[in-house]
Every structure is written in structure tokens, then in C-alpha cells.
Q: 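Provided herewith is a single structure, encoded as C-alpha cells, for subsequent inquiry.
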Amino acid sequence: VAAACRLNLAAPAQRPSPNAAIIYRKAFAEMAEVLRTHTDDPISYPSVRNPNTAAYRQAPWPLLLQQTAVARSLFMQAASTALCKFDKPNGKLPLKDEVQGRVSNFVTMRALLVGHAWSVLETQPGAALADVEALFACARHLEIQNGLWGSILATNLADEALLLCDSLPTTSSDGSSKEPLL
């Protein structure tokens, strides 16, 4: 028993997994600062319903994607975190939760991730795949929030990720077939 106690004392304390919601908040703050400081308002995002890689290589996308790289990186870090609990109420009404208050943040970040994925789809398919994975992981986080807005946003994120999956290249530049990335 004494040996077991010594082993428990000698073992490093297990730190709980960080809450992804905290990292999402940082990503949204960074994104808001960049968009407020470095871009004209409103930003015209190309339509994702009719995706076209050329559209994402035109203004304002290249500069916008460069300026929001830190925010996108934080978002991807949050998406890769296991635990996610948005718990800050965003109003006095019981149905108005933090996710509902952050709908525009999620929509804008989705546009930035999708824009980045489309802009690198042909040249860096691995980076595009990382964006797809982040969209799916965030959808999972939102889905477990047990709220209407979380479910709606989760569906939209997953829909965008699936559109990108359909476009991930399955042929190499020399025209030969290769295994799909997914």
C-alpha cells in the first residue's frame, strides 16, 4: 500500500483536457480584430454552393487568408481538442445560449476555413484536408451542446466539409490515379 501511495505521488498530475470553447473564443477574438483592422466591411465571400478554386484565389481572399492565419490556426487547435462546453449564457432568456450568440463568428470562421481549403485544394491537398477535418471536428463540438443553434451550425459545417471532400483531388498532376485522401 505504501509503495502504491508513493507511485501515485510520484506520477505527474493528469491535467484535464482544455475546453475547446476557450480556444474558440480566442480564435473569434483574433478573427474579429483582424477583420476590423485589416479589411473593408463587409467582405464579399465567393459563393461556396458553386465552388471554384479560381474564385478563392482572387481578391479579397489571398490577403484575407494570410491575415487570418492565426485565427484559423487557433480554430483548428480548438477543433482538435476533445472537450468542448460552451457554458456562458448570452442573455436573460434560458434558450439564448453562447452558441446562439456566436453564430456569426462560426459562420465567418467557416467561410475562412472553406476559403482556405478551396484556395489550396489543388496545390496543397493535405492542408485542404486539415481544414475539412477541423470543420467536421467543430461540427461534432457544436452537436454535443444540446441546443438548436449548435445543431444547425453543426449541419452547416458538415455540409461544407462534405462539399470539399467531393472535390479533394484523386489524381496526381501527371494524370495517374491515386488513392483518395479520405
Side-chain angles (χ1 to χ4, degrees), residues 16-36 39 41-52 55-56 61 64-65 68-121 125-168 180-182:
S17 177
N19 184 355
I22 296 166
I23 306 169
Y24 283 124
R25 290 180 197 120
K26 289 178 185 176
F28 296 149
E30 172 69 21
M31 177 185 67
E33 180 60 28
V34 168
L35 294 178
R36 183 175 33 256
T39 62
D41 190 24
I43 297 167
S44 297
Y45 298 111
S47 172
V48 179
R49 289 292 163 211
N50 300 310
N52 179 334
Y56 289 97
W61 286 103
L64 180 62
L65 293 173
T68 58
V70 171
R72 284 184 292 108
S73 177
L74 284 167
F75 188 88
M76 292 174 84
Q77 178 185 351
S80 69
T81 303
L83 174 70
C84 184
K85 180 66 178 147
F86 285 97
D87 55 2
K88 289 186 177 179
N90 194 33
K92 295 181 181 181
L93 300 174
L95 294 178
K96 192 167 186 181
D97 61 6
E98 184 178 2
V99 172
Q100 181 181 357
R102 295 189 175 277
V103 168
S104 66
N105 292 137
F106 281 104
V107 169
T108 302
M109 188 59 77
R110 179 194 71 198
L112 294 173
L113 282 174
V114 168
H116 180 260
W118 280 109
S119 71
V120 299
L121 188 68
L129 180 59
D131 292 329
V132 167
E133 290 171 343
L135 289 167
F136 278 130
C138 182
R140 181 180 42 81
H141 285 162
L142 289 168
E143 194 172 53
I144 64 174
Q145 301 306 310
N146 294 324
L148 176 63
W149 285 102
S151 296
I152 291 170
L153 286 169
T155 301
N156 288 333
L157 290 173
D159 181 49
E160 296 292 352
L162 288 171
L163 283 172
L164 282 161
C165 287
D166 285 343
S167 298
L168 286 170
L181 289 172
L182 293 177

Q: Could you walk me through whether S73 and E30 pass the side chain to side chain contact (heavy atoms under 4.5 Å, CB included) test, one step at a time?
A: CA-CA 10 Å; S73 177; E30 172 69 21; over 6 Å; no
Q: Assess whether side chain to side chain contact (heavy atoms under 4.5 Å, CB included) is satisfied between L148 and I152, documenting all intermediate values.
A: CA-CA 6 Å; L148 176 63; I152 291 170; 3.8 Å; yes
Q: Taking C-beta and beyond as the side chain, do L35 and L64 meet within less than 4.5 Å on heavy atoms?
A: yes
Q: What verdict does the side chain to side chain contact (heavy atoms under 4.5 Å, CB included) test give for W149 and F86, after you've listed the backbone C-alpha separation in whole Å, the side-chain angles of each residue and the deciding distance to 0.1 Å?
A: CA-CA 12 Å; W149 285 102; F86 285 97; over 6 Å; no
Q: Kindly indicate whether the side chain of L83, heavy atoms from C-beta on, has any atom under 4.5 Å from the side chain of P18.
A: no
Q: Output the distance between atom CD (Q100) and atom CG (L153), rounded to the nearest 0.5 Å.
A: 10.0 Å
Q: Please confirm whether the backbone N or O of A27 pairs with a side-chain atom of Q77, one donor and one acceptor, at under 3.5 Å?
A: no
Q: Name all residues meeting the side chain to side chain contact (heavy atoms under 4.5 Å, CB included) criterion together with A69; count only those two or more places apart in sequence or in a different chain, and write none if there are none.
A: R72
Q: State the CG-CE distance between L112 and M31, to the nearest 0.5 angstrom.
A: 6.5 Å
Q: Testing the basics here: between C165 and V132, what is the closest heavy-atom pair and its distance to 0.1 Å?
A: SG-CG1, 3.6 Å
Q: Please report the C-alpha distance between N156 and E160 in whole Å, then the side-chain angles of each, then the deciding distance to 0.1 Å, and finally whether the side chain to side chain contact (heavy atoms under 4.5 Å, CB included) criterion is met.
A: CA-CA 6 Å; N156 288 333; E160 296 292 352; 5.7 Å; no
Q: Would you compute the distance between atom CG of L74 and atom CE of M76 and round it to the nearest 0.5 angstrom?
A: 11.5 Å
Q: Drop me the distance from L121's CG to H116's NE2, to the nearest 0.5 angstrom.
A: 11.0 Å
Q: What distance separates E133 CD from L164 CG, expressed to the nearest 0.5 Å?
A: 12.0 Å
Q: For I22, which residues count as a side chain to side chain contact (heavy atoms under 4.5 Å, CB included) partner, sequence neighbours excluded?
A: N19, R25, K26
Q: Please name the pair of heavy atoms, one in A134 and one in A79, separated by the smallest distance, quoted to 0.1 Å.
A: O-CB, 3.6 Å
Q: Looking at A128 and A117, what are the two nearest heavy atoms and their distance?
A: CB-O, 3.6 Å
Q: Considering only distance and modelled atom types, tabulate donor-acceptor pairs under 3.5 Å from the side chains of residues 135-144, sequence neighbours left out.
A:
residue : atom : partner : partner atom : Å
H141    : ND1  : Y24     : OH           : 2.8
H141    : NE2  : T81     : O            : 2.7

Q: Roughly how far apart are T108 OG1 and L113 CG, rounded to 0.5 Å?
A: 11.0 Å
Q: Between L163 and W118, which heavy-atom pair has the shortest distance, and what is it?
A: O-CZ2, 4.4 Å
